[in-house]
Amino acid sequence: MSVEPEIICEKRGAAGVVTLNRPHALNALTHGMVRVLAPALAAWSSDPSVTRIIVEGAGDRAFCAGGDIRALYEAGSRGDHAGPLAFWRDEYSLNAFIARYPKPYVALIDGIVMGGGVGLSLHGSHRVAGDRYLFAMPEVGIGFFPDVGATYALPRLPGRTGIWLALTGDRVKAADALALGLANHRVPSARMADLRSALIDGEDVDAALVAHDAPRDGALPSIERATIQDCFSGHSVNDILARLDAFRTPFAAKAAATIRTKSPTSLKVAFEQMRRGGSLSFAEAMETEYRIVSRIVRGHDFYEGVRAVIVDKDNAPRWSPPDLDAVDDDVVAEHFNSLGADEWRVET
């Protein structure tokens with residue numbers, strides 16, 4: 001009985017085509033998939049017959065809904081930190097390689113894109129949103145933090161929307177993604193296959209994307225940009241919550257209530273990420289994330305968050321500490337400190 005590969009990397013016409021092939025798991029990214037994709041991209045980068053990369057997800061629900069969190073949780077729960085950290089080092093190296101990839105890198109995102117899927121798409125040159133596009137970085141809800149390059153990318157989004165996404169985990173659809181720069185093309189789902197064929201046939205990448213783009217009708221994005229700008233300009237998580245409470249609108253009330261369900265430690269770490277990230281290079285941001293994850297994997301909230309949301313599904317995590325005021329700022333700062341002999345550097 002044949003077993004379907006988790007990821008398929010193949011040359012087709014002018015393209016290196018990558019298919020994330022775990023539709024039953026919303027194409028969640030495993031260490032094995034990273035280990036296949038990285039050398040394939042490296043080989044194609046110097047192959048003159050490959051002039052562009054296409055990355056897509058199997059099925060019609062997700063591009064990639066994140067990393068294989070359950071596997072990381074199970075390894076860490078039995079005291080294996082080396083395995084998960086090896087995954088994150090390899091994943092972060094791959095994210096950094098995508099960010100500096102020398103050829104057009106086209107992510108066809110027609111479904112959920114979260115966590116690890118963001119790392120495989122957002123840093124590439126061309127990000128194409130289909131009708132089913134749905135972006136989120138919901139990591140603070142499982143005691144984790146927005147990684148895979150979010151330290152670099154989110155602070156650079158307009159109007160404090162990056163910190164809004166980091167602290168709430170709110171979801172963004174295609175129109176808003178275009179407005180924020182998370183996507184740079186919008187192609188109807190019914191035309192994705194035609195675009196894919198045009199790219200494989202060797203048509204000019206930018207011309208093919210323009211030819212398949214949906215009309216921009218000028219409709220306003222749905223997110224409340226002014227509220228986000230005002231409230232998420234706060235100088236701390238507590239300040240942001242106070243501003244949201246004072247706004248007294250449904251959007252602000254929902255955002256505040258959502259934030260209050262997240263891991264207090266993760267919220268403060270994510271806020272500090274956003275504060276620092278705007279001045280970091282991509283490589284520095286990835287190295288910072290490895291410092292953070294090296295502390296998170298040995299902490300409490302990640303395992304409790306995954307237990308509550310993914311394993312037991314009771315959605316009642318018991319965070320430690322339980323509230324923002326109990327989180328020691330020195331403990332937050334420690335997440336960003338050098339790892340000494342265990343420091344990791346991005347290869348350039």
### Message
Name the residue from E343, H335, E334 that meets the side chain to side chain donor-acceptor pair (under 3.5 Å) definition with R291.
### Response
E343
### Message
Checking side-chain polar atoms at under 3.5 Å, does S236 have a donor or acceptor matched by the opposite partner on N238?
### Response
no
### Task
Taking the six-membered ring for Trp and the full ring for Phe, Tyr or His, determine whether the centres of W88 and F144 are under 6.0 Å apart.
yes
### Query
How about R156: does its CZ atom have over 12 heavy atoms from other parts shown lying under 6.0 Å from it?
yes
#### Entry: Residue pair S279 / R276: nearest heavy atoms and the distance that separates them
OG-O, 3.1 Å
### Query
Are the side chains of E289 and Q273 in touch, meaning some heavy atoms are under 4.5 Å apart?
yes
### Task
Classify the side-chain pair H31/D90 by whether it contains a donor and acceptor separated by less than 3.5 Å.
yes
### Message
Which heavy atom of I54 sits nearest to which heavy atom of A15, and what is that distance?
### Response
CD1-CB, 3.8 Å
### Query
Which heavy-atom pair separates P39 from V34 by the least distance, and what is that distance?
CD-O, 4.3 Å
### Query
Do other residues, nucleotides or ligands put more than 12 heavy atoms under 6.0 Å from the CZ atom of R260?
yes
### Query
Do H123 and F282 have ring centres separated by under 6.0 Å?
yes
## Note on the structure
In short, S338 meets R295 closest at the heavy-atom pair O-NH2, 3.3 Å
### Query
Under the 3.5 angstrom rule, does the side chain of N27 hit a backbone N or O of A58 as a donor-acceptor pair?
yes
### Query
CD of E10: more than 12 outside heavy atoms within 6.0 angstrom?
yes
### Task
Assess the side chains of Y92 and D147: does a donor N or O sit below 3.5 Å from an acceptor N or O?
yes
### Query
Does a side chain donor of either K103 or S45 reach within less than 3.5 Å of an acceptor in the other side chain?
no
### Summary
Smallest heavy-atom separation, D230 atom then R243 atom, equals O-NH1, 2.9 Å
### Message
Can you confirm whether more than 12 heavy atoms, excluding those of R191, are under 6.0 Å from its CZ atom?
### Response
yes
